[in-house]
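Every chain is numbered from 1 and lettered A, B, ... according to where its sequence line falls, protein lines coming before strand lines. Just so you know, these numbers use all the heavy atoms, side chains as well, and skip hydrogens, waters and symmetry mates.
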Amino acid sequence: DTEVTQTPKHLVMGMTNKKSLKCEQHMGHRAMYWYKQKAKKPPELMFVYSYEKLSINESVPSRFSPECPNSSLLNLHLHALQPEDSALYLCASSQGTAPINYGYTFGSGTRLTVV
Amino acid sequence: DAKTTQPPSMDCAEGRAANLPCNHSTISGNEYVYWYRQIHSQGPQYIIHGLKNNETNEMASLIITEDRKSSTLILPHATLRDTAVYYCIVRVSGSARQLTFGSGTQLTVLP
(Lines give C-alpha, C1' and ligand atoms only; values in the text may rest on other atoms or scores of the structure.)
Protein backbone atom coordinates (compact mmCIF):
# COMPACT_ATOMS: atom_id res chain seq x y z
CA ASP A 1 0.00 0.00 0.00
CA THR A 2 1.65 3.22 -1.14
CA GLU A 3 -1.21 5.61 -0.56
CA VAL A 4 -2.40 8.17 1.90
CA THR A 5 -6.18 7.91 2.26
CA GLN A 6 -8.24 10.88 3.36
CA THR A 7 -11.91 10.85 4.33
CA PRO A 8 -14.31 12.35 3.66
CA LYS A 9 -13.50 13.72 0.20
CA HIS A 10 -16.03 16.52 0.61
CA LEU A 11 -17.48 18.08 3.75
CA VAL A 12 -19.97 20.89 4.27
CA MET A 13 -20.37 22.08 7.84
CA GLY A 14 -22.03 24.90 9.71
CA MET A 15 -20.11 27.30 11.89
CA THR A 16 -21.45 25.66 15.06
CA ASN A 17 -20.74 22.08 13.98
CA LYS A 18 -18.02 19.73 15.16
CA LYS A 19 -16.51 17.47 12.53
CA SER A 20 -13.32 15.49 11.99
CA LEU A 21 -11.09 14.81 9.02
CA LYS A 22 -9.31 11.48 8.87
CA CYS A 23 -6.02 10.48 7.27
CA GLU A 24 -4.57 6.98 7.11
CA GLN A 25 -1.38 5.46 5.74
CA HIS A 26 0.09 1.95 5.96
CA MET A 27 3.56 2.62 4.57
CA GLY A 28 5.25 2.61 7.96
CA HIS A 29 5.88 6.35 7.70
CA ARG A 30 6.54 7.95 11.07
CA ALA A 31 5.90 11.57 10.15
CA MET A 32 2.49 12.92 9.16
CA TYR A 33 1.40 16.40 8.15
CA TRP A 34 -1.65 18.57 7.67
CA TYR A 35 -1.60 21.24 4.98
CA LYS A 36 -4.28 23.77 4.09
CA GLN A 37 -4.72 24.97 0.53
CA LYS A 38 -6.89 27.87 -0.56
CA ALA A 39 -8.01 28.16 -4.17
CA LYS A 40 -5.19 29.04 -6.61
CA LYS A 41 -2.65 29.14 -3.77
CA PRO A 42 0.12 26.71 -2.81
CA PRO A 43 -0.37 24.36 0.16
CA GLU A 44 0.50 25.83 3.57
CA LEU A 45 1.78 23.71 6.44
CA MET A 46 -0.45 23.51 9.52
CA PHE A 47 0.86 20.68 11.74
CA VAL A 48 3.60 18.08 11.83
CA TYR A 49 3.53 14.86 13.84
CA SER A 50 6.71 12.89 14.32
CA TYR A 51 6.48 9.48 15.97
CA GLU A 52 2.92 10.30 17.05
CA LYS A 53 3.94 13.49 18.85
CA LEU A 54 3.08 16.99 17.69
CA SER A 55 6.35 18.60 16.66
CA ILE A 56 5.23 21.66 14.69
CA ASN A 57 2.15 23.85 14.99
CA GLU A 58 2.34 26.72 12.51
CA SER A 59 0.33 29.07 14.75
CA VAL A 60 -2.92 27.44 13.71
CA PRO A 61 -6.09 28.69 15.50
CA SER A 62 -7.36 26.43 18.28
CA ARG A 63 -10.56 25.70 16.35
CA PHE A 64 -8.33 23.20 14.49
CA SER A 65 -7.23 20.37 16.79
CA PRO A 66 -4.97 17.62 15.46
CA GLU A 67 -4.71 14.15 16.91
CA CYS A 68 -2.46 11.20 16.10
CA PRO A 69 -3.94 8.10 17.80
CA ASN A 70 -1.33 5.75 16.29
CA SER A 71 1.42 5.68 13.71
CA SER A 72 -1.00 5.05 10.83
CA LEU A 73 -3.76 7.50 11.63
CA LEU A 74 -4.01 11.28 11.77
CA ASN A 75 -7.16 13.23 12.57
CA LEU A 76 -8.02 16.89 12.35
CA HIS A 77 -10.90 17.90 14.62
CA LEU A 78 -12.85 20.97 13.56
CA HIS A 79 -15.01 23.15 15.80
CA ALA A 80 -16.57 26.58 15.39
CA LEU A 81 -14.98 27.18 12.02
CA GLN A 82 -15.40 30.33 9.97
CA PRO A 83 -16.33 30.59 6.28
CA GLU A 84 -12.74 31.67 5.53
CA ASP A 85 -11.60 28.23 6.73
CA SER A 86 -13.14 26.73 3.60
CA ALA A 87 -10.27 25.11 1.72
CA LEU A 88 -8.71 21.85 0.57
CA TYR A 89 -7.11 20.08 3.55
CA LEU A 90 -4.25 17.83 2.58
CA CYS A 91 -2.61 15.11 4.62
CA ALA A 92 0.89 13.86 3.85
CA SER A 93 3.34 11.36 5.28
CA SER A 94 7.05 10.69 5.04
CA GLN A 95 9.53 8.17 6.39
CA GLY A 96 10.73 10.75 8.87
CA THR A 97 10.66 14.50 9.28
CA ALA A 98 13.88 14.62 7.31
CA PRO A 99 13.17 12.52 4.22
CA ILE A 100 16.12 11.90 1.98
CA ASN A 101 14.53 10.01 -0.87
CA TYR A 102 11.16 10.31 -2.55
CA GLY A 103 9.88 13.04 -0.28
CA TYR A 104 6.35 13.17 0.88
CA THR A 105 3.27 11.16 -0.10
CA PHE A 106 0.12 13.26 -0.19
CA GLY A 107 -3.51 12.25 0.02
CA SER A 108 -6.11 13.63 -2.37
CA GLY A 109 -7.47 15.97 0.25
CA THR A 110 -10.78 16.86 1.87
CA ARG A 111 -12.65 19.74 0.26
CA LEU A 112 -14.17 21.62 3.21
CA THR A 113 -16.91 24.20 2.88
CA VAL A 114 -18.01 26.15 5.97
CA VAL A 115 -21.44 27.72 5.67
CA ASP B 1 15.57 27.11 2.71
CA ALA B 2 16.47 28.96 -0.49
CA LYS B 3 13.71 30.82 -2.29
CA THR B 4 12.71 29.75 -5.79
CA THR B 5 11.36 31.68 -8.75
CA GLN B 6 9.21 30.05 -11.41
CA PRO B 7 7.18 31.48 -14.31
CA PRO B 8 3.50 31.56 -13.35
CA SER B 9 2.32 29.73 -16.46
CA MET B 10 3.52 27.86 -19.56
CA ASP B 11 1.92 26.09 -22.49
CA CYS B 12 3.24 23.04 -24.28
CA ALA B 13 1.98 21.11 -27.29
CA GLU B 14 1.01 17.51 -26.67
CA GLY B 15 3.82 15.12 -27.59
CA ARG B 16 6.49 17.79 -27.32
CA ALA B 17 8.99 18.20 -24.50
CA ALA B 18 7.95 20.50 -21.67
CA ASN B 19 10.85 22.39 -20.12
CA LEU B 20 10.00 24.05 -16.82
CA PRO B 21 12.63 26.43 -15.43
CA CYS B 22 13.33 27.25 -11.80
CA ASN B 23 15.69 29.88 -10.46
CA HIS B 24 17.27 29.29 -7.05
CA SER B 25 20.21 31.68 -7.06
CA THR B 26 20.63 31.63 -3.27
CA ILE B 27 20.82 27.86 -2.97
CA SER B 28 23.30 26.50 -0.43
CA GLY B 29 25.70 23.65 -1.02
CA ASN B 30 23.66 21.17 1.02
CA GLU B 31 20.25 22.04 -0.41
CA TYR B 32 18.50 19.68 -2.78
CA VAL B 33 16.14 20.66 -5.58
CA TYR B 34 12.77 18.88 -5.42
CA TRP B 35 9.95 18.94 -7.96
CA TYR B 36 6.33 18.17 -7.17
CA ARG B 37 3.23 18.60 -9.27
CA GLN B 38 -0.42 19.03 -8.39
CA ILE B 39 -3.11 18.05 -10.79
CA HIS B 40 -6.33 19.95 -10.26
CA SER B 41 -8.11 19.01 -7.01
CA GLN B 42 -5.57 16.31 -6.15
CA GLY B 43 -2.73 16.20 -3.64
CA PRO B 44 0.81 17.11 -4.75
CA GLN B 45 2.83 14.30 -6.28
CA TYR B 46 6.58 13.84 -5.98
CA ILE B 47 8.37 13.88 -9.35
CA ILE B 48 12.13 13.99 -8.88
CA HIS B 49 14.92 15.53 -6.85
CA GLY B 50 18.65 16.15 -7.19
CA LEU B 51 21.67 17.80 -5.61
CA LYS B 52 24.07 18.68 -8.42
CA ASN B 53 24.05 15.89 -10.97
CA ASN B 54 21.39 15.54 -13.60
CA GLU B 55 18.74 13.01 -12.66
CA THR B 56 16.25 10.97 -14.67
CA ASN B 57 13.41 8.71 -13.68
CA GLU B 58 10.34 7.29 -15.36
CA MET B 59 8.49 10.57 -15.05
CA ALA B 60 10.98 13.28 -15.89
CA SER B 61 14.54 14.54 -16.11
CA LEU B 62 16.10 17.19 -13.90
CA ILE B 63 18.91 19.32 -15.26
CA ILE B 64 20.82 21.40 -12.69
CA THR B 65 23.27 24.04 -13.89
CA GLU B 66 26.89 23.71 -12.87
CA ASP B 67 26.65 26.68 -10.49
CA ARG B 68 23.37 25.19 -9.12
CA LYS B 69 21.62 28.55 -9.35
CA SER B 70 18.92 27.21 -11.65
CA SER B 71 17.39 23.99 -12.85
CA THR B 72 15.01 22.69 -15.49
CA LEU B 73 12.43 19.96 -15.20
CA ILE B 74 11.91 18.17 -18.50
CA LEU B 75 8.84 16.12 -19.36
CA PRO B 76 10.08 14.47 -22.56
CA HIS B 77 6.73 13.78 -24.25
CA ALA B 78 4.02 15.83 -22.58
CA THR B 79 0.48 14.48 -22.53
CA LEU B 80 -2.80 16.13 -21.61
CA ARG B 81 -2.57 14.40 -18.23
CA ASP B 82 0.58 16.37 -17.46
CA THR B 83 -1.47 19.56 -17.18
CA ALA B 84 -0.83 20.61 -13.57
CA VAL B 85 0.87 23.12 -11.29
CA TYR B 86 4.56 22.27 -10.97
CA TYR B 87 6.40 23.27 -7.80
CA CYS B 88 10.16 23.63 -7.52
CA ILE B 89 11.33 23.43 -3.90
CA VAL B 90 14.81 23.64 -2.48
CA ARG B 91 15.52 22.33 0.98
CA VAL B 92 18.19 20.68 3.03
CA SER B 93 17.71 16.93 3.00
CA GLY B 94 18.07 15.72 6.55
CA SER B 95 16.89 18.99 8.07
CA ALA B 96 13.93 19.25 10.37
CA ARG B 97 12.33 21.92 8.22
CA GLN B 98 9.35 20.95 6.19
CA LEU B 99 8.29 21.28 2.58
CA THR B 100 7.47 24.90 1.81
CA PHE B 101 5.68 25.44 -1.49
CA GLY B 102 6.22 28.49 -3.68
CA SER B 103 3.75 29.74 -6.25
CA GLY B 104 4.65 27.12 -8.89
CA THR B 105 4.13 27.05 -12.67
CA GLN B 106 0.77 26.19 -14.21
CA LEU B 107 1.65 23.96 -17.17
CA THR B 108 -1.10 23.55 -19.74
CA VAL B 109 -0.58 20.85 -22.37
CA LEU B 110 -2.50 21.72 -25.50
CA PRO B 111 -3.91 19.14 -27.93
Interchain contact, Gln38(B) with chain A, by part (heavy-atom threshold 4.5 Å): side chain
Is there a continuous path of hydrophobic side-chain contacts, each under 4.5 Å between heavy atoms, that joins Val60(A) to Leu54(A)? yes
Once you round to the nearest 0.5 Å, how far does CZ of Phe101(B) lie from NZ of Lys41(A)? 15.5 Å
Going through the distances and angles, do Phe106(A) and Tyr46(B) end up as a side chain to side chain contact (heavy atoms under 4.5 Å, CB included)? CA-CA 9 Å; Phe106(A) 282 83; Tyr46(B) 166 84; over 6 Å; no
Chain B heavy atoms under 4.5 Å from Gln37(A): which part of the residue, side chain, backbone, both or neither? side chain
Hydrophobic clusters here meaning ILVMFWY residues chained together by side-chain heavy-atom distances under 4.5 Å, can you tell me if Leu51(B) and Tyr36(B) are in one? yes
Pro42(A) to Gly102(B) - nearest heavy-atom pair and separation: CB-O, 3.0 Å
Does the Tyr35(A) side chain pair with the main chain of Gly43(B), one donor and one acceptor, at a distance under 3.5 Å? no
Give the cluster check for Leu21(A) versus Met15(A): same hydrophobic cluster or not, with ILVMFWY residues linked at side-chain heavy-atom distances below 4.5 Å. yes
Cluster overlap Leu62(B) with Met59(B), hydrophobic side-chain contacts below 4.5 Å: yes
Any link between Ile63(B) and Leu75(B) through a network of hydrophobic side chains (Ile, Leu, Val, Met, Phe, Trp, Tyr) touching at under 4.5 Å? no
